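Data first, discussion second: the structure below is written as structure tokens.
Bear in mind that the values here come from a model prediction, so they are computed numbers and not experimental data. Note that ligands are numbered from 1 as they come in the structure, with each ligand's atoms numbered from 1 the same way.
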Amino acid sequence: MTADLAVVGGGVIGAFVVREALRRHPGWRVLLLERSSIGSGATEWSAGVSFPLAATPRHRDLVNAASPRYEALRGTPAGAFVRPVTMVYVVRRDGLEAFRQRVVGADVRPVTATERRRVARFLPDARIGPGEEMVTHDGQGFAVNARAVAEALVALAADRVEIQLGQRVEAVEPDDGGYRLTTEHGEWHARRVVTACGAWTPPPVHATPLPGVPGARRKRIAALHARLPVTLDDPLVYFVDDDLFILPLGTGTALVSFYRDAWDTDPDTCDGRPGAEDLRQGRAALGRRSAAAAAAVSGGRAFCDLYTENRLPVVTGHPDLPDLVAIRGGSGSGVRFAPALAAEALQALTQPAPARA
Ligand SMILES: Cc1cc2nc3c(=O)[nH]c(=O)nc-3n(C[C@H](O)[C@H](O)[C@H](O)COP(=O)(O)OP(=O)(O)OC[C@H]3O[C@@H](n4cnc5c(N)ncnc54)[C@H](O)[C@@H]3O)c2cc1C
């Protein structure tokens, strides 16, 4: 039987593609092919933070397209894994105006005395320079348990999706008005295909790799876990210039995200566990802001993601192959942009096929 759409990759982006497809086309039969299990790639280890921050107009469009789609999950089982978070930013006073311009849909204001006390409670020795200020904005920030959301989105659609786990798609071939997708264990047929393979190379078409994303490379992403006196109601603190944030994960545990400058990591070598160098670099980065927090590190997590040069994910078709779309380059923001990217992929599918020469 021919599916109306095959989605290759069951990470958070593939899961949102399934949701978006069935929202737009309730009658479609969707096939999801996943090499392992739902949400088991970068999605599983993600901090899942969605800052309403945009460095470029394109980032702004993605934030604006993603936010209402996350909002729409409220009241559904997936919505239980999306929680609003108060965002506190430590920014240099002379960079405040530029920072203000980056915030999408909310006004930046100084933190209140209460918000400052809440930060001081779990980061009593935080090093905040005389030229820096703590600011926040109302609403808009949230943290996503990305694996749980991916699983919930797929489960919600279970009556209209055929889910094939443990199926690594090795090739996609044009065939009979659609595509034939081949794995080691079998073959499937679909009229349309969206690939969302994260840091893995998407399956070749006609034995030809999909056009590459110029300049894209796989980057390691690591985060620490620290035993800090936080609760889920505490704010996230983002030291903007350090690209370091501390996110309360639950009572007594926080996640610390820091910039890990390690490239060309093969996703097949990632199992979620941090290496000694991840921990060393993370402790050093955190220690520059709080020695006490660095001393409270208890472990961490690490995986990788495909980064583009301008940190913008791409949704690309193939000039000669209609109804085949690849979503690539999560660039460390794949969770926050997932619903927007899924919408763009569906949009690209429904556009007329480009004229052939
Ligand atoms: C520690 C860490 C912290 C992060 N923090 C944030 C954050 O705060 N905010 C944010 O937005 N992002 C964050 N990210 C990045 C974010 O997690 C990724 O951008 C996002 O999960 C990418 O989703 P994906 O669906 O593209 O990829 P993945 O989750 O990697 O999913 C791809 C899926 O495709 C499957 N697959 C691959 N090839 C094939 C094939 N040939 N056939 C079948 N299946 C295939 C894989 O098994 C996998 O399940 C973080 C990542 C890490 C590791």
Side-chain angles (χ1 to χ4, degrees), residues 6-18 31-51 53 62-63 66 70 85 141-147 149-151 153-154 164-172 181-185 188 193-204 210 218-225 236 238 243 245 247 255-260 265 267-268 270-274 278 282 300-308 311 313-315 326-342 345:
V7 180
V8 181
V12 67
I13 295 179
F16 268 106
V17 172
V18 170
L31 166 69
L32 175 62
L33 294 157
E34 162 54 51
R35 69 202 286 281
S36 178
S37 61
I38 303 297
S40 58
T43 295
E44 174 161 10
W45 308 100
S46 190
V49 172
S50 178
F51 295 102
L53 296 179
L62 288 169
V63 170
Y70 268 117
V85 177
F142 50 91
V144 179
N145 178 337
R147 178 168 187 155
V149 164
E151 286 174 331
L153 291 180
V154 172
Q164 291 285 347
L165 303 180
Q167 298 285 356
R168 185 172 73 84
V169 177
E170 290 167 348
V172 178
L181 299 104
T182 316
T183 76
E184 190 189 338
H185 309 289
W188 285 266
V193 178
V194 173
T195 63
C197 296
W200 285 270
T201 305
L210 282 173
R218 293 156 172 164
K219 191 179 95 58
R220 192 163 177 84
I221 312 183
L224 306 175
H225 297 159
L236 175 156
Y238 183 14
D243 200 0
F245 67 76
L247 166 72
L255 176 146
V256 180
S257 169
F258 64 99
Y259 184 75
R260 179 79 171 90
T265 306
D268 285 325
C270 296
D271 62 5
R273 276 179 297 188
D278 297 321
R301 52 176 87 177
F303 208 82
C304 69
D305 203 4
L306 187 70
Y307 274 62
T308 60
R311 306 289 185 264
V314 289
V315 177
I327 305 176
R328 279 185 285 180
S331 303
S333 289
V335 176
R336 79 176 174 130
F337 294 147
L341 299 170

Using modelled atom types and a 3.5 Å cut-off, is there a donor and acceptor pairing between side-chain atoms of T43 and backbone atoms of G41? no
Tabulate distances under 3.5 Å between N/O atoms of ligand 1 and N/O atoms of the protein, writing both atom names on each line.
| unit_1 | atom_1 | unit_2 | atom_2 | d |
| --- | --- | --- | --- | --- |
| ligand 1 | 5 (N) | A47 | N | 3.2 |
| ligand 1 | 8 (O) | G48 | N | 3.4 |
| ligand 1 | 8 (O) | V49 | N | 2.8 |
| ligand 1 | 9 (N) | V49 | N | 3.4 |
| ligand 1 | 9 (N) | V49 | O | 2.9 |
| ligand 1 | 11 (O) | S333 | O | 3.4 |
| ligand 1 | 11 (O) | V335 | N | 3.1 |
| ligand 1 | 11 (O) | R336 | N | 2.9 |
| ligand 1 | 12 (N) | G332 | O | 3.0 |
| ligand 1 | 14 (N) | S46 | OG | 3.2 |
| ligand 1 | 17 (O) | S46 | OG | 2.9 |
| ligand 1 | 19 (O) | D305 | OD2 | 2.5 |
| ligand 1 | 19 (O) | G334 | N | 3.0 |
| ligand 1 | 21 (O) | T43 | N | 3.3 |
| ligand 1 | 21 (O) | T43 | OG1 | 3.1 |
| ligand 1 | 25 (O) | V12 | N | 3.3 |
| ligand 1 | 25 (O) | I13 | N | 3.2 |
| ligand 1 | 29 (O) | A42 | N | 3.3 |
| ligand 1 | 29 (O) | T43 | N | 2.9 |
| ligand 1 | 29 (O) | T43 | OG1 | 2.5 |
| ligand 1 | 30 (O) | A42 | N | 3.0 |
| ligand 1 | 41 (N) | V169 | O | 3.0 |
| ligand 1 | 42 (N) | V169 | N | 2.9 |
| ligand 1 | 44 (N) | R35 | N | 3.0 |
| ligand 1 | 47 (O) | E34 | OE2 | 2.6 |
| ligand 1 | 49 (O) | E34 | OE1 | 2.7 |
| ligand 1 | 49 (O) | E34 | OE2 | 3.1 |

Got a sec, which residues hit side-chain contact (heavy atoms from CB on, under 4.5 Å) with A196, two or more places apart in sequence or on another chain? I13
Listed partners of Y238 passing side-chain hydrogen bond (donor to acceptor under 3.5 Å, both in side chains), at least two apart: D243
Whether the side chain of R220 engages the backbone of T265 through a donor-acceptor N/O pair (distance < 3.5 Å, no angle test) should be reported. no
Who passes side-chain contact (heavy atoms from CB on, under 4.5 Å) against L33, sequence neighbours left out? L31, Q164, Q167, V169, L181, W188
Electrostatic pair D278:R260 at N-O distance under 4.0 angstrom: yes
